[in-house]
Amino acid sequence: MLKKRILVISWFYPPVNSSEGLVTYKLLKASKNNYDVFTQKNNALWSYGNKNELPDSENVKPIFAKSKKLEDWVAEAVDYYTKNSEKYDIIMTRSMPPESHKIGLKIKKINPKVKWIASFGDPIADNPYTKIAIECSSPHSVKTCTKFRGIISPKRIIRNAMFKIRYIKIQKTYLGENSKLQKSIISNADYLLFNSNEQKEYMLGEENKDKKSIVLNHSFDQSLYPKEKEEHKKIEFNYVGHLDAIRTPKKLFEAINELYKEDEKLGEKVIFNFYGDMADSDKLFIINNELTDIIKIKKPVSYLTSLKIMKDSDWLIHVDADLSKIINKNIFFAAKLADYIGANNKIFGITMENGVSADILRNLNSIVTSYSAQEIKNYLWLIIYNNYSVEINEEYRKIFSSNEVAKNFDEFIKNI
């Protein structure tokens with residue numbers, strides 16, 4: 001264990017319940033080192049709320065800023081470090097949002113000797129989601145972006161006389177400023193932390209492949225799950241988390257609809273629950289095809305409630321965005337997938353053929369399907385009518401435990 005505490009800079013941290021904050025919480029809680037986390041609890045935007053429901057960690061002390069705005073929080077964090085720099089030999093900045101790393105850049109200028117770990121949740125530059133949105137903003141992409149109208153409607157934008165100015169501004173921000181920022185972080189940080197090898201390779205490329213870095217899995221904390229599991233009369237499929245026009249369950253819904261056409265009593269056998277956000281077009285598909293007795297849309301739930309839902313499920317649904325027109329393999333390791341693994345339940349995965357999710361699900365011995373309604377339908381038929389099941393690879397599952405992941409992180413810190 002280090003004699004000094006490690007300073008962690010993270011906009012998200014409990015009681016604000018967001019993916020990035022929860023990933024940080026589970027890692028630090030299971031670590032043997034001591035941490036001060038400079039964070040905030042006044043702004044719960046881009047999160048699941050700020051209900052304080054998680055147990056405190058003896059080795060972690062949150063330091064809550066007074067700021068409500070990101071730019072004010074950046075200044076307050078730098079000021080805090082300036083006044084307390086003697087307490088820390090190591091700092092770790094957590095992104096998203098990228099402002100955490102901007103703080104790291106400022107601190108590194110103040111004290112070049114401090115060891116800086118820059119942790120990435122998603123890429124800052126060339127994010128495939130952002131690239132799709134920008135492509136769909138282009139006046140040349142109206143036909144190719146029809147499926148993404150829920151994000152940006154090119155036809156509506158083109159009608160606006162200011163479109164060209166807005167498009168140039170979008171390109172400047174996401175393709176210019178963010179690229180410059182990411183390069184600066186990679187150049188100036190002493191160490192980089194990624195959540196998958198796919199993400200690391202995508203962000204570093206050949207140019208920076210030898211940069212000192214570590215890959216840490218997202219993890220689950222077994223102590224946060226209920227011990228007992230509820231039984232159901234119907235087969236219960238559950239999805240927990242965010243969906244949108246890119247990350248869409250449309251192919252799953254099409255498969256369910258085909259099964260319903262063949263069996264009007266499908267709703268007596270199975271139910272599909274979706275907790276969280278979903279694109280309006282997908283909600284309309286459920287209504288228009290009279291699937292409301294089979295597919296249920298439910299409001300977002302708290303983190304501990306989500307873990308109970310996962311534990312009680314018969315099958316957990318995992319959906320990744322189909323980004324095959326942008327990248328040839330999925331680089332996004334959804335933190336929710338680690339929580340699914342912790343629930344020790346069967347997972348039904350819809351993802352790209354190659355990438356981090358497919359590799360994890362195959363090694364775990366879960367179902368992995370492509371974006372084919374027919375393939376999805378075939379697996380659903382086997383589960384519903386033929387009692388098809390899978391046996392989880394317990395040894396592989398263990399590597400996502402927060403204790404195992406924190407052990408690797410502590411060894412990394414020790415070497416620093």
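Since we're looking at a predicted model, the values are computed, not measured.
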Practice task
Go through the side-chain N and O atoms of K200 and N195 and say whether any donor and acceptor fall under 3.5 Å apart.
Solution key: no
Handout entry: W116 six-ring centre to K108 NZ/CZ under 6.0 Å and within 45° of normal
Key = no
Practice task
Report the relative orientation of the aromatic rings in Y388 and W315; use parallel for angles under 30°, tilted for 30 to 60°, perpendicular for over 60°.
Solution key: parallel
Handout entry: Heavy-atom side-chain contact between L27 and S402 under 4.5 Å
Key = no
Handout entry: F38 side chain reached by W73 side chain, heavy atoms, under 4.5 Å
Key = yes
Completion exercise
Scanning both residues in full, the closest heavy-atom pair of V60 with K29 reads CG2-N, 4.4 Å
Problem - F285 and F253 aromatic ring geometry - parallel, tilted or perpendicular at 30°/60° bounds - result: parallel
Practice task
Could you point out which residue of N363, I341, N365 forms a side chain to side chain contact (heavy atoms under 4.5 Å, CB included) with Y396?
Solution key: N363
Practice task
Return each pair, listed once, that meets ring pair (Phe, Tyr, Trp, His ring centres under 6.0 Å) where at least one residue sits in residues 85-111; pairs must be two or more places apart or across chains.
Solution key: H101-F120
Exercise for the section: Just say parallel, tilted or perpendicular for the rings of H318 and Y340, cut-offs at 30° and 60°. Expected result: perpendicular
Practice task
Determine, for F64 and K41, whether the Lys NZ or Arg CZ falls below 6.0 Å from the six-membered ring centre while staying within 45 degrees of the axis.
Solution key: yes
Completion exercise
Residues pairing under salt bridge (Lys or Arg N to Asp or Glu O under 4.0 Å) where one sits in residues 84-99, two or more places apart or in two chains, turn out to be K4-D89, E20-R94
